[in-house]
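The next block holds one structure in the form of structure tokens; read it before the comments.
These figures come from a predicted structure and were not determined experimentally.
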Amino acid sequence: MPANGDLDPLEAFRNQVKEALEAALEAIGIDEEPVVLEKPPQGMGDLAFPCFQLARRLRRNPVDIAEAVASKIAAQGMIDSVKAKGGYVNLNVNSESLARAAISQALSAKDRFGAGSAKGVRVLLEHTSVNPTGPIHIGRARNPIIGDTLARIMRKAGYDVVTEFYVNDVGRQVATMTWGAKNLTINEKPERDKGDHRYVPFYREAHRRCDEEPEVLEEVDALLYKLEHGDSEAVGMNRRISETVLEGMMESLHQINIRIDGFTWESRLVEDGSVDKVISKLKLSDFCRESEGAHHLELESFGITGRDTRWVFTRSDGTSLYTTRDLAYHLDKFTRSDVAINVLGEDQKLGMQQLAAALEIIGSDRKPETVFYAFVSLPEGRMSTRKGTVVSLDDLIDEAIERAYEEVRKRRTDLTEKRMKEIARIVGLGALRYNIARIQAEKQIVFKWEEALNFEGSSAPFLQYAHARACSILRKSGSRLREDSAEICSRKLVNHHERELIKLVAALPSVVGECADTRRVHALAAYGQDLAGQFNQFYRYVPVLKAEGDTRDARLALVEASKWALRNTLDCLGLEAPEEM
RNA sequence: GGGCGCGUGGCCUAGCUGGAUAUGGCACUUGCCUCCUAAGCAAGCAGUCAAGGGUUCGAAUCCCUUCGCGCCCGCCA
């Protein structure tokens, strides 16, 4: 039994099935066969044990084996029935005990329903970490959404999660921006009056001047050198500007319900000497080479391939590079966590491979885990700051709320303006997050407004609507849930719609645990859709308020349990659960 | 030149530790509001799972080749 077995009704069933299968296999003389279970297609049961592997090993017909195994399993506990079919042993869960377990847990755990027990594992989850030079655009917006959703899911599953943003305030890009802010006079107004947009015109112009005027480039280099050698004036100014930009970016993230627990400033790692320490260690390595004053590691033997297998970690003037500092950062992270996870764009894959090799070379036994995501592009191609084809997260947020407001107005005439605006915000921002979270991270996304702000079908409003419907029933019921809710549910909820809904509600803890362990956010979005869809069917076919006696009370309890399952799923996805819409 | 990832009905997508008729959604056609909010429900239409070969009793899933798309191979971050 896993630590949280008592909290997970489906897990309990799975364990009973495993035990029963092991005993049955032993009874027909088969030892040490790993029991692998799968989910059969609709209508064939709840769990299946395929006998084909076994058939090959024993040189026996899988159909016969399945029948022999099935005949040795008795219906008991949560196992309701066992049938052999075409080489599979299909098992059905006992609806009464599942209802009892799931309903009682959902009703008592409430907003904790779905949670796994504390694992005592410290997770440091780094996400977003974009350069503080300008606003976040949607090409990168997957990062905070995937990162925050994963953090929420892992927290729910019982990990101790701290999210962190690594602020790159040392490199050339930031130095370029700071140089621009200090030396240029620009009348062009930024797109928005917001910290992250403020220095964009300066940054853009400074960049252009660097390309065209060598002496500007030299000045930026000089500033970079000062920054890395602790010149207090340069460091102070750079820090102020970075902070302003960072604050603007955080405002945007707060709007989509994302808050980051901690920040590590890259400059700190330079100041406190940890970068120098890493550099000294690297220089002692057998893989280190020097060329014209710059140092690099020769990583060919670490499976790094391509035109260049060198990994440079100091420039000729002795200053460090981004990845060198990132190496120091990872060593720091390891002291504060048991598991370090990075959410990164797929362009960082080689960099992470090199980092892993460098970690090995300096004798670290730890490596970060990485969730890579592919970039979001526009129908006309890649987003480009220079071509001016970027869509900022701020634009997306505004558009989402605006479109949602139109939808609310179409449907509701009875609400106050304030209430409509509030619902529009919840629904619009939900749609935005859901549409990013629902897609497997490694798949490319071509951004289209009508998809990103979809309000029906596979979308946040679909889930939120089911939740609002549940709330509406509960609000109108005028009665309190009974103490013996779980018991009457197990007796009275007998029709197909009720039972299928219970199965999905019962699955929440397993789904959360699975998503957390595999670090896959999109699977929870898919579960949410199934759950909401099943609730909507129930809503359509099973009257609650018009039912009578125990049946009414049992159905009300199921609505309440469903409400918690929906709400907690929404919460893990970072979406708000409106009580009306 | 090399490496990594992706390629599933007109469009988006799940499944990818090999297994029973390939999951949902959008769009389209057709029903359902005197009934707990129709942002919903039901039915229909629609698939050579990029192509070819191989392994296997069995391949969307594993292996090889090819094609297409993305990303990377900086003393940038």
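Comparing the P positions of B:rA50 and B:rA60 gives an interatomic distance of 10 Å, to the nearest angstrom. Separating the P atom of B:rA51 from that of B:rG74 is a span of 36 Å, rounded to the nearest Å. Taking atom C1' in both B:rU17 and B:rU61, the straight-line distance is 10 Å, to the nearest Å. Between B:rC62 and B:rU55, the distance separating the two C1' atoms is 8 Å to the nearest Å.
The phosphate of B:rC76 has OP1 or OP2 within less than 4.0 Å of a side-chain N or O from A:Arg315. A close approach under 4.0 Å does not occur between any side-chain nitrogen or oxygen of A:Arg520 and OP1 or OP2 of B:rA14. Applying the 4.0 Å criterion to OP1 and OP2 of B:rG15, one finds that A:Gln440 has a side-chain N or O inside that range. For the OP1/OP2 pair of B:rG7 and a distance below 4.0 Å, the side-chain nitrogens and oxygens of A:Lys443 include at least one atom meeting the criterion.
Here the C1' atom of nucleotide B:rG40 and the CG atom of A:Asp530 are 16 Å apart, to the nearest Å. Atom CE of A:Met352 and atom P of B:rC73 are 14 Å apart (whole Å). Note: OH (A:Tyr322) to P (B:rA77) measures 9 Å, nearest angstrom. One can place OH of A:Tyr434 at 11 Å from P of B:rA14, the figure rounded to the nearest angstrom. The distance from atom CD of A:Glu228 to atom C1' of B:rC76 is 14 Å, rounded to the nearest whole Å. Between the CD1 atom of A:Ile439 and the C1' atom of B:rG15 there is a distance of 16 Å, rounded to whole Å. Atoms CD (A:Glu38) and C1' (B:rA22) sit 14 Å apart, rounded to a whole Å. What separates CD of A:Gln534 from C1' of B:rG40 is a distance of 14 Å, to the nearest Å.
The partner of B:rU55, taking Watson-Crick or G-U wobble pairs whose two distances both stay under 3.5 Å, does not exist in any strand shown. With a 3.5 Å ceiling on both atom-pair distances, the Watson-Crick or G-U wobble partner of B:rG7 is B:rC67. Across every strand in view, B:rG1 sits in a pair with B:rC73 that passes the Watson-Crick or G-U test at under 3.5 angstrom. Across the strands present, B:rU23 finds no partner; the criterion is a Watson-Crick or G-U wobble pair with both atom distances under 3.5 angstrom. Look at B:rC36: it lacks any Watson-Crick or wobble partner with both distances under 3.5 angstrom. Across every strand in view, B:rC41 sits in a pair with B:rG31 that passes the Watson-Crick or G-U test at under 3.5 angstrom.
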Protein N or O to nucleotides 54-57 of chain B N or O, pairs below 3.5 Å:
residue : atom : partner : partner atom : Å
B:rU56  : O2'  : A:Arg56 : NH2          : 3.1
B:rC57  : N4   : A:Arg56 : NH2          : 3.1

Quick test: give all pairs of protein nitrogen or oxygen and nucleotides 37-39 of chain B nitrogen or oxygen below 3.5 Å, distance rounded to 0.1 Å.
residue : atom : partner  : partner atom : Å
B:rU37  : OP1  : A:Ser472 : OG           : 2.1
B:rU37  : OP2  : A:Lys476 : NZ           : 2.6
B:rU37  : O5'  : A:Tyr539 : OH           : 3.1
B:rU37  : O2'  : A:Tyr465 : OH           : 2.4
B:rU37  : O2   : A:Met581 : O            : 3.4
B:rU37  : N3   : A:Met581 : O            : 2.8
B:rU37  : O4   : A:Met581 : N            : 2.6
B:rA38  : OP2  : A:Arg469 : NH2          : 2.4
B:rA39  : OP1  : A:Tyr465 : OH           : 3.2
B:rA39  : OP2  : A:Arg411 : NH1          : 2.8
B:rA39  : O4'  : A:Arg411 : NH1          : 2.6

Polar-atom pairs under 3.5 Å, protein N or O versus N or O of nucleotides 42-45 of chain B: list them with distances, or write none.
residue : atom : partner  : partner atom : Å
B:rA42  : OP1  : A:Gln537 : NE2          : 3.3

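For A:Arg438, the side-chain atoms get nearest to B:rC12 when compared with the rest of B:rC75, B:rG25, B:rC12. Checking B:rG25, B:rC73, B:rC6 against the side-chain heavy atoms of A:Glu442 singles out B:rC6 as nearest. Closest to the side chain of A:Glu451, out of B:rC11, B:rA77, B:rA20, is B:rC11.
In this structure B:rC33 sits in the syn conformation; its chi angle is within 90° of 0.
Inter-residue side-chain proximity for A:Leu246 and A:Trp265 is flagged as met; some heavy-atom pair is nearer than 4.5 Å. When side chains are defined from C-beta on, A:Asn143 does not count as touching A:Val130, because their heavy atoms never get closer than 4.5 Å. At a threshold of 4.5 Å between non-hydrogen side-chain atoms, the residues A:Ile423 and A:Leu415 count as touching. Using a 4.5 Å heavy-atom cutoff, the side chains of A:Val427 and A:Val408 are not in contact. The closest side-chain heavy-atom distance from A:Cys572 to A:Thr149 is not below 4.5 Å. Side-chain contact between A:Leu321 and A:Phe313 is absent, with no heavy-atom pair separated by less than 4.5 Å.
Of the residues in residues 299-311 of chain A, those placing a heavy atom less than 4.0 Å from an atom of RNA chain B are A:Thr305, A:Gly306, A:Arg307, A:Asp308, in numerical order.
Shown here are the side-chain hydrogen bond (donor to acceptor under 3.5 Å, both in side chains) partners of A:Glu442, two or more places apart in sequence or in another chain: A:Gln440. Legend: residues meeting ring pair (Phe, Tyr, Trp, His ring centres under 6.0 Å) with A:Tyr322, ordered by chain and number and at least two apart, are absent. A search for side chain to side chain contact (heavy atoms under 4.5 Å, CB included) contacts involving A:Cys489 returns A:Ile103, A:Leu493, A:Ala554, A:Ala557, not counting sequence neighbours. Residues passing the salt bridge (Lys or Arg N to Asp or Glu O under 4.0 Å) test with A:Arg412 are A:Asp414, A:Glu580, sequence neighbours excluded.
Aromatic pair A:Phe263/A:Tyr166: ring centres not closer than 6.0 Å.
Checked by atom type and distance alone, the side chain of A:Glu498 pairs as donor or acceptor with a backbone atom of A:Asn495 at under 3.5 Å. Not a single donor-acceptor pair under 3.5 Å links the side chain of A:Thr551 to the backbone N or O of A:Ala547. In this structure, the side chain of A:Ser291 does not engage the main chain of A:Ala294 through any donor-acceptor pair within 3.5 Å.
In this structure, A:His522 reaches the sugar-phosphate backbone alone: every heavy-atom distance under 4.0 Å involves primed, P, OP1 or OP2 atoms, never a base.
A salt bridge (charged side-chain N to carboxylate O under 4.0 Å, His left out) check over residues 523-540 of chain A, counting only residues at least two apart or in different chains, returns nothing. Legend: ring-ring contact (aromatic ring centres under 6.0 Å, His included) pairs involving residues 430-458 of chain A, not counting sequence neighbours, sorted by first then second residue: A:Phe447-A:Trp449.
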Only distances under 3.5 Å count here; give the side-chain donor-acceptor pairs of residues 342-354 of chain A to other protein atoms, sequence neighbours excluded, each with its distance to 0.1 Å.
residue  : atom : partner  : partner atom : Å
A:Asn342 : OD1  : A:Lys333 : NZ           : 2.6
A:Asn342 : ND2  : A:His330 : NE2          : 3.0

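Geometrically, A:Arg469 engages A:Tyr539 in a cation-pi contact, judged by NZ or CZ lying under 6.0 Å from the ring centre and within 45° of the ring axis.
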Going 5' to 3' through nucleotides 62-71 of chain B and flagging B where a protein heavy-atom sits under 4.0 Å of the base, S where only the sugar-phosphate is that close, and - otherwise, we get -------BBS

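Distance check: A:Ile153 CD1 to A:Thr518 OG1 gives 8.5 Å after rounding to the nearest 0.5 Å.
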